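Have a look at the structure below, then the notes.
Quick caveat: nothing in here was measured; it's all calculated off a predicted structure. The figures that follow rest on heavy atoms only: side chains count, while hydrogens, waters and symmetry mates do not. Start at 1 and go down the list; that is how both ligands and their atoms are numbered.
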Amino acid sequence: MSKQTDFLIIGSGIAGLTYALKVAAHGKVFMITKANEDESNTKYAQGGIAAVMPGSNNSNADQTDPYKKHIEDTIDCGDGLCNEEVVNMVIRESTKRVTELAEWGANFDKTPEGDYELAREGGHSEHRILHHKDITGYEIERALLNQIHSHPNIEILDHHFAIEIITQHHLGIDVNSRTPDITCFGAYVMDLRSGKVETVLAKTTLIATGGAGQVFQTTTNPTIATGDGIAMVYRAKGKVENMEFMQFHPTSLYNPGERPSFLITEAMRGHGGILRTRDGKEFMQKYDARKSLAPRDIVARAIDSEMKHTGDDFVYLDCTHLDSEDLKKHFPNIYQKCLTIGIDITKDKIPVVPAAHYLCGGIKVDLKGRSSIVNLYAAGECSCTGLHGANRLASNSLLEAVVYSHEAGEHAIANFTKIEFQKNIPEWNIEGTDAAEEMVLITQSIKEVQSIMSSYVGIVRSNMRLERAHDRLEILWRENEALYKKITLSQQVCELRNIINVAYIIIKQARERKESRGLHYTIDYPPLKK
Ligand code: FAD
Ligand code: SIN
């Protein structure tokens with residue numbers, strides 16, 4: 001069975017949906033997504049989207065260049081590894097792209113005067129984050145899907161899983177080097193309801209598969225975040241970089257047994273919330289002059305250090321001194337969620353712990369979202385554009401996704417008519433025997449990978465820990481490659497394979513970085529002096 005399309009999109013978060021709306025006026029769009037169409041990291045975004053907007057309540061903005069401070073904050077946070085051309089491009093595009101989101105129907109909160117109501121998060125020197133209460137991602141996803149549904153050129157298939165991108169390798173050509181002449185012809189896609197694998201031929205393909213928080217034990221990411229796109233591109237010998245920079249969010253709700261962890265937005269600290277140890281003492285002043293609003297890497301490490309010294313399982317975020325009605329108005333989702341476990345955030349301190357949250361690295365792309373593989377684009381969290389460097393500034397990722405989906409869309413529109421569909425692509429032919437009982441091997445291996453990564457490749461690393469993680473993972477890799485060939489293809493075995501691949505790249509690139517920088521902190525190298 002095979003299908004043909006001008007634009008194949010893998011993933012229906014903010015990156016995939018934005019790109020679809022861009023290219024749909026020019027050709028046929030086929031979008032596949034592995035769960036319900038709205039299930040994505042995007043849906044759970046809380047704090048908002050950082051942008052420079054006219055008509056907002058930011059009186060501190062530099063009047064000669066309103067983009068300057070946002071650019072400086074992004075570069076400062078990225079700890080020397082941001083690509084400044086990219087930072088300039090993304091931040092200066094922010095006004096247009098966020099205005100477009102609003103025109104597509106995303107409602108961002110406004111003041112009674114009608115200006116955008118801007119919030120502040122860690123690493124930002126001013127208020128600049130547009131938001132919809134504390135459910136910004138849900139609102140953006142809703143608005144974009146609404147637009148998608150009314151577009152006649154877009155076909156969206158949920159519960160369809162991309163297994164591999166198709167390249168020369170599938171024509172029997174041995175592609176050995178990670179060179180630019182590897183070409184993408186589409187993808188093999190499994191219908192999760194029937195189990196059948198289809199060949200989807202495409203002139204251009206966009207990978208928008210999101211992040212990989214599921215590689216770790218404690219994460220804010222939903223179960224879809226298994227790094228599939230990154231693993232597919234790596235297996236196809238495409239370039240993947242900066243994978244050592246996994247961002248841990250300082251404050252996820254401490255609620256043992258709950259997975260994924262519920263996020264407590266950084267905007268609560270922007271609103272005046274204060275981090276305290278269990279005995280009620282403030283501690284951030286010991287680590288950074290910006291205290292609770294220092295960049296994430298610093299705050300997460302500070303919490304980790306306090307927990308290790310005290311032996312406590314969590315620290316507190318204290319909002320009890322803030323106006324309670326105002327708190328409920330700005331953070332209704334968090335207020336309700338905490339009530340379900342007996343915490344009234346207007347009266348009680350919130351127990352919080354760091355959790356794996358955002359992958360700064362990914363599929364290397366240029367300014368047009370082009371990967372190192374011809375006719376293959378990547379946008380959103382699965383990509384590495386150079387914007388974030390060694391540490392992402394809060395609320396810059398939704399922004400990066402809309403800017404790069406726009407850029408990639410423009411490039412694909414200008415070029416897709418020159419591309420022919422590839423002929424003679426073989427049907428998917430990896431068939432194992434039915435062995436459903438081996439599910440136990442898959443579920444236990446996933447837990448083992450997560451345990452290895454959280455124990456040895458977390459907030460604080462060392463050469464010995466990384467070496468141990470590498471050796472343990474190698475055994476799991478070998479076992480799973482054998483299992484993958486033997487048992488009936490399933491989403492679970494593919495995701496396990498992807499998780500192992502992504503964990504391997506994180507460890508490999510972490511071992512190659514012989515310094516402590518940004519999110520990669522190792523006790524073997526002193527932190528860089530600023
Ligand atoms: P996603 O939104 O994750 O979408 C990925 C899509 O790909 C999904 O539809 C998924 O099902 C699909 N997919 C994956 N693999 C496959 C496959 N093999 N086959 C088919 N489909 C597949 N960022 C901010 O800027 N501001 C915030 O306030 C903010 N808050 C956050 C809060 C939480 C709890 C989390 C988890 C993240 C937050 N982030 C925030 C980060 C931000 O939400 C993400 O980086 C961003 O939404 C990623 O968008 P995306 O389109 O790249 O990927
Ligand atoms: C948050 O709301 O704290 C998350 C923001 C982000 O990850 O950018």
Below 4.0 Å from ligand 1: does a non-hydrogen atom of [X] turn up there or not?
X: G137; value: no
X: H249; value: no
X: R392; value: yes
X: H160; value: yes
X: T33; value: yes

*Hey, is ligand 2 close enough to L263 that some N/O pair sits below 3.5 Å?*
no
*Contact (N/O only, under 3.5 Å) between Q46 and ligand 2*: no
_Q247 near ligand 2 by a heavy-atom separation under 4.0 Å_ = no
With heavy-atom distances below 4.0 Å as the criterion, list the atoms of ligand 2 near [X].
X: E121; value: 1 (C), 3 (O), 5 (C)
X: E266; value: 1 (C), 2 (O), 3 (O)
X: R392; value: 6 (C), 7 (O), 8 (O)
X: A394; value: 8 (O)

*Any idea which protein heavy atom is nearest atom 26 (N) of ligand 1, and the distance to it?*
G48 O, 2.7 Å
*Counting from 1, what ligand 1 atoms have a heavy atom of G380 closer than 4.0 Å?*
52 (O)
*Report, in ascending order of atom number, the atoms of ligand 1 lying under 4.0 Å from any heavy atom of A162.*
17 (C), 18 (N), 19 (N), 20 (C)
*Is there a donor-acceptor pair closer than 3.5 Å between any side-chain N or O of S252 and the backbone N or O of T220?*
no
*Does W104 offer a backbone N or O that forms a donor-acceptor pair with the side chain of Q147 under 3.5 Å?*
yes
*If you look at every heavy atom in G362 and C384, which pair is closest and at what distance?*
N-CB, 3.5 Å
Could you tell me if the side chain of [Y] sits less than 4.5 Å from the side chain of [X], heavy atoms only?
X: R259; Y: Q214; result: yes
X: Y44; Y: P222; result: yes
X: F248; Y: T218; result: no

*Could you give the distance from CD1 (I373) to OG1 (T167), rounded to the nearest 0.5 Å?*
6.5 Å
*If you measure from the Lys or Arg side-chain nitrogens to the Asp or Glu carboxylate oxygens, is any gap between E266 and R296 under 4.0 Å?*
yes
Which option wins on minimum heavy-atom distance to [atom]: [options]?
atom: atom 32 (C) of ligand 1; options: F161, Y44, Y358; value: Y44
atom: atom 6 (C) of ligand 2; options: R269, R296, M268; value: R296
atom: atom 5 (C) of ligand 1; options: G11, A15, A208; value: A208
atom: atom 43 (O) of ligand 1; options: I14, I264, N41; value: N41

*asked:* Below 30° counts as parallel, above 60° as perpendicular, anything between as tilted: where do the rings of F108 and Y116 land?
replied: perpendicular
